[in-house]
Structures are given as structure tokens and as C-alpha cells.
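In what follows, a single structure is set out as C-alpha cells and then discussed.
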There are 2 protein chains.
Amino acid sequence: MTDTAPQRRMKRPPTILDVAAHAGVSRGTVSRVLQGGHNVSPASQEAVHAAIRKLGYVVNRAARSLVTQRAGSVAFLLSEPQERFFEDPNFTTLLRGCTTALAEHDLPLILITAGTEAERRRIAPFLSAHHVDGVLLVSSHRGNPMIGHLRQANLPFVCCGKPLGERDAVSYVAANDREGARAMVRYLLESGRKRVATIAGPRDTPGGLERLDGYREMLAEHGIAHDKRLVAVGDYSRASGEACMEQLLTSAPDIDAVFVASDLMADGALAAIERAGLRVPDDIAVGGFDDSPVATAARPPLTTIRQPWNRISEMMVRQLLAQIDGEGPATVILPTELVVRESA
Amino acid sequence: MTDTAPQRRMKRPPTILDVAAHAGVSRGTVSRVLQGGHNVSPASQEAVHAAIRKLGYVVNRAARSLVTQRAGSVAFLLSEPQERFFEDPNFTTLLRGCTTALAEHDLPLILITAGTEAERRRIAPFLSAHHVDGVLLVSSHRGNPMIGHLRQANLPFVCCGKPLGERDAVSYVAANDREGARAMVRYLLESGRKRVATIAGPRDTPGGLERLDGYREMLAEHGIAHDKRLVAVGDYSRASGEACMEQLLTSAPDIDAVFVASDLMADGALAAIERAGLRVPDDIAVGGFDDSPVATAARPPLTTIRQPWNRISEMMVRQLLAQIDGEGPATVILPTELVVRESA
DNA sequence: CTGAAAGCGCTTACAG
DNA sequence: CTGAAAGCGCTTACAG
């Protein structure tokens, strides 16, 4: 007898048939136990569980997938230019939250990036073929074609943040941007600040729009006339925060506070203020948004608006699972919280 | 005729059988075309490709998986306390690189975190059941039990950074920590600095060990006696960099340079130096390690050692695929590069 | 409550 | 170069 194939005898993992044999039942019964044990006698259940433990059986997902027509996994789809997002501390927080939430449902998270049109075309077949059961979509800019793709593929999805410019109902989970902005501006005004400027986010993102609206509203409610010179628009990057702050310092040298639509931009603003020889918060109070890790790392640490990332990711996962189970779309808005540190 | 099941008629995606019918061949032939078209006549190939295009056919991965006994996916496994890693800019860079490299091979990346022993036990069955074909393992601390699990499961894996304390051969890809450290310290000394301190990483990580070794070596080569007071040990966090710097400033007030084993810690050191009323680089030159995004965001921007993350992630993926194809383990060491900015 | 059987969509020797 | 057929490991009506 030759010895050619001993390696191939690699302990093939046990199948449902092995379990059935050990438990003295049919494989149908084993499968029923796997599905939750309905319509199975306690005795059979126990026997099957014992066999599973003894053999170290774990279900073959491919086989299950083939018959249930479900992938048994979910995609985390980043449809933004990669550099921007991987650099954004909020993204990391969200990704972590979703991974954890999904793990609790035993659903593997497949990470997909599709920042360019070429990449989007590339993953389209993957999505259309339903190689995942649903998608957690991160895409903050207006008119992202990914949403159309997902609709066409008839694939459940839920967005992080309100997708701008969508006519039909879309599931999304977001923090209350407007209220958050209002709370920060109210805080600055009530601390005695008189000339409150703002660095807003891009106009084609919900955060860029709503946080600016909140700023304007609160100023109006305090009887303060709108002043264009007090508004600069960045792109959420640290560098843009710095540039915007320089611009504000020039166009309105008398400002004594600034509400910045993201912590990263606020950190950039801090640098510009320092370079101008001014002190925070003595000369200028700086309020951020997000309460991301940069808020605590900044010098001075940022007073900011906390986005409830853990709840956001949990709700995104919950909504997605509900949709996969056939529910319709829903919108979830979560409250924010003012976090006072040293910058304002 | 009742109208009960129209929704269920949801255009079932075409199967290989549909393609075969349209192309006028058997499904065996379609499958062969899918596998690369060996032993198929040009005419059949063309017919099959045309049918695939026309029907928008895409292979059912579960079905393929079931017969090939391959998962067709790879895990990115983070076996570190999550907070630490998701906060580390290097991690994000690595994750992005691996996602991109894997996408080029049409392999989905499954993100798994297993920072605690409980989590490790939880994912063990997933891994043992070969629900992925291989693992990209991120785990920098000595004696991570995950490696044992992977070996037992007979699952190919490659580590990011040298795993400490492994007796048997393990595949890993790493930057040349020692040479990088030597280059930085050489640069500091040749810039005229006389009292060069260091903030090292934890002793149970390869970076903690080898970067400290490089520091010592270079000092010795310049005839400088070792001085314990010039060495502090952090944990790679920003806060620890700050604390270590304070300690150094106390134990050796005459230092004029410090080599810090990570940019994040270096950024913390910057804060401590500023608080002490000293200037960088005039009073103290600060050299970092990583060239992560914090290096450019720091004030002043950090002179640092660049880790070639793109190459690291590419090589990790390449090694992993080779192992999945049956190759043995290998070690890959990549050179670093000195990046001079303003801090030194 | 249970077993026998069909079938999910592919790949791969096997014969020709 | 090609087709017919077995088989991957599971789930789920169907009958009893």
C-alpha cells in the first residue's frame, strides 16, 4: 500500500451526518435542532447537543447559504474617497461599533471600499449577486450613485447620516445635527460671547447643512443679525479648519468664539489661532462637533458635541437586520450631548 | 388563478444552467470557462462569455465554496484590545492597504476583532470551521494565544510584525525596526545633539525591543556610554508619551534630543515639552517613528521614520495567498526611510 | 415528533 | 474538447 495521500486525510470536519449518527437520529432532526429545536423531543435535542459538543461540530456556512439563499454576512461599504475616511476618527469609531454589534448576531462583517466610480462598478456584481444580505452604507455626499445600485439590486441597506437628495424613503440613522449645533451655539452665547463665527462642513453633506442651520437659528433666536463674514466653509479636514480660521480672523478680527462643525477642523482652527498669537479660550472660544478622539488630544481639549456612535452603530445594525427580515425603511434620529472641556 | 406569489417571483439570478442553455453547451463547459477556459474551444468560450454578459451571470459563491471546500474570503483579525488599535492611525493604514490588496484578488475581507479571551473563544469555531481561507493577524504582544488557535485549526496566517516568543516558524511581514531606529539616532547625533534620550515601546512588543536596541547600538557606535536615566518606556499611547517625557525632563534635564518609538507618543512628548516651557527643535529635537497621519498634524510636524505600510499590507496579502496555495511560511523585512520635517 | 427525499448551484474526475 | 453524472453539506416541505 502506497503512502501518497496521508496529508489529504486532514481530519475532515464533522458534518451533520456524523452528528446524526452519534445522536442516533436523522439529519433532518439535527438540522431542526440547529434551527432552534422546534418540533424536536427533549430527548433528541439533548442527544444532538451532546453529539455536537463531542464532535466539535460547526455548521458549514456555504452549504447552509446555498439552500437558504442567504449569504449570512453583511457589508460595511465605504463609498467615499478612502483617504478622507480612513483618516477620519469618526469612521473608525463607527466601524468598531458595527463590528461589535454584528458579532453579537454572529454575522461576519465584510469591509468594502468603493471611493471611485471604477471601484463601484467593480463591486456592483458582488452586490447584485447578493453575496451579502445587506449593506451598512457610509457615504455622506449628495447624490451617491451607490444608493441607486443598491436599490436596483434590491439589497437592504441603511445609511449612516441622512442621504441628501433622495426622493424615495431611505433608511438611515443619524445624530440630531441641528439640535447639537443649537446647543453649542447657545452655550457659547450664554457664556457671554458676543461675536460667534462658524466653520461649516461641505454644503453637499447633511452635517454641513444642518449644523449651519442650527447655528443660524440660535443666533436669530438671540436677536443677532446674520453676518456673512462670520461663516467659513471647510471640507472636514484638519487643513481646511486651519485655512478657514485664518480667513475668519482676517474677515472678522473681532470674533470671540467659533463653532466648528467637526473636531478635526476645530483642531486645525486651534493651530491658526495659536499662530495668530491669540489664546483659547481667553481670546477666542472654540466649540467642536463629534467628540472624537482628537477632542481630548487637542490642546486645549475641545468643548464639543458628542455624537452617540455606539448607539448609531447599534441602531444601524438593528435596522438592517429588520429590513433583511422584510421590514420597511425607517429613519432614526439620536440626540447629541454637550461635552464641556477647556476650549470654551 | 390567484395572485398569491408574485413577489416571490423576484427575478431569481441566472445560474450556470441558464448560461449553458443560452450558449448551447453543457454546464461543465461553462464551469471550465469560469475556471480560466482551459480545454475549451475558442468558439465555446466566446459563446459562453456572450451568454454571461447577456444574462448578467455572476457565480454563486456559496455553491462554489461547497464543492471547492474553500471559503473564498480572508479574515483581518485584530487580536488586541480594541480601543488601543482603533485609536492607532497605523492600524487604519494597514487595514486600508489590506482591503485594497485583497480586492485586487477578488477576495472579500472579513473584519474580526478578538481583544479579549472571551472573544477569542467565540471566534475559534468560526476559524476552525475554515469559514475563511486564511488570516491576516494583527497582534503585537508576546504570547498571543491566537497563534496557537490558528495553528491547531491548520489555518494559514501571516502576522503584521514579528510575533515574540514563537518557537516554530511563523510567517510575518515587518519593517526593519532596528535599522529605522539606528537611522533616526544617527541623524540626531549628526545634527549635533549630545544628550539623546528615548521613549521606547512596551518590552513585550517587537517594536519596543528592536527600536530600543537600535538606539543603544547607535549610541555605542558613537562612543556614548549607556545612561539609564535617558530611557523611558511607554505603551504607544499619546498619554504615555506625555508622561514619559515629563519623567525624562525630570531625571535628565540636560537632554537635547529624544527618539520616540511612535508618532503618537511623540505627539504626547511635544505637549510635555511645550508645557515645560521648552521649544522644539531649538531646545529639544524630537524624532518619531511610523510617519502616521499624526506626524504631519503635530506642531511642529514630526521628523520621523516611515514605515512602508503599503508594501507591508501588499506583502502580507501576497504571503497569505502563497500559503493558502500550499507554500511554507516566510519572513519579510522591509526597509524604512527617514523623513525630515521640523521637529528635528 | 420524525425520517426519507428533493434540491440549492456549482466543480471535477470520468469516459469518450 | 465535451457531456453526463456524482457529490459538496445543508434545509425543508411532505408523509406519517
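Order of the sequence lines fixes the chain letters, A, B, ..., with proteins taken first and strands second; residue numbering starts at 1 for each chain. All figures in this text were calculated on a predicted structure; none of them were measured in a lab.
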**Request:** Quickly work out the Leu66(A) CG to dC10(D) P distance and round it to whole Å.
**Result:** 12 Å
**Asked** Atom NE2 of His130(A) and atom P of dG9(C): how far apart are they, to the nearest Å?
**Response** 14 Å
**Request:** Answer yes or no: is there an ion pair linking Glu166(A) with Arg151(A), defined by an N-O contact shorter than 4.0 Å?
**Result:** yes
**Request:** Hey, could you give me the CG/OG distance between Asn39(B) and Ser44(B), rounded to the nearest 0.5 Å?
**Result:** 11.5 Å
**Prompt:** Expressed in whole Å, how much space separates the C1' atoms belonging to dT12(D) and dG16(D)?
**Reply:** 16 Å
**Message:** Do Glu80(B) and Ser139(B) pair up side chain to side chain, a donor and an acceptor below 3.5 Å, judged on atom types alone?
**Reply:** no
**Request:** Inspect the surroundings of CZ in Arg120(B) and state if more than 12 heavy atoms from other residues, nucleotides or ligands are less than 6.0 Å away.
**Result:** yes
**Asked** Just how far, in rounded Å, is C1' of dC10(C) from CG of Leu34(B)?
**Response** 9 Å
**Message:** So, taking the atom named CG in Leu78(B) and the one named CG in Leu111(B), what distance separates them when rounded to the nearest 0.5 Å?
**Reply:** 7.0 Å
**Electrostatic pair Arg70(A):Asp325(A) at N-O distance under 4.0 angstrom** = yes
**Distance in angstrom units between Ile16(A) CD1 and dT12(D) P, rounded** = 11 Å
**Request:** In whole angstrom, give the distance that lies between atom CZ of Arg70(B) and atom P of dT12(C).
**Result:** 10 Å
**Asked** Rounded to whole angstroms, how far apart are CG on Asn60(A) and P on dG9(C)?
**Response** 16 Å
**Message:** Using a strict threshold of under 4.0 Å (side-chain N to carboxylate O), is an ion pair present between Glu46(A) and Arg53(A)?
**Reply:** yes
**Request:** Starting at the 5' end of nucleotides 2-7 of chain D, put B wherever the base has a protein heavy atom under 4.0 Å, S where only the sugar-phosphate does, and a dash everywhere else.
**Result:** BBB-BB
**Message:** Base, sugar-phosphate or nothing for Ser31(B)? Non-hydrogen atoms, less than 4.0 Å.
**Reply:** base
**Request:** Please report the C-alpha distance between Leu320(A) and Asp133(A) in whole Å, then the side-chain angles of each, then the deciding distance to 0.1 Å, and finally whether the side chain to side chain contact (heavy atoms under 4.5 Å, CB included) criterion is met.
**Result:** CA-CA 9 Å; Leu320(A) 185 61; Asp133(A) 294 323; over 6 Å; no
**His131(A) NE2 - dC10(C) P separation (whole Å)** = 9 Å
**Fill in**
Note: Pro125(A) and Arg122(A) closest approach over all heavy atoms is CD-O, 3.2 Å
**Complete:** Note, DNA chain D 5' to 3' with Watson-Crick or G-U pairs under 3.5 Å encoded as ( ), [ ], | and . gives |||.||||||||.|||
**Nearest listed nucleotide, side chain of Gln69(A), among dC8(C), dT12(D), dC10(C)** = dC8(C)
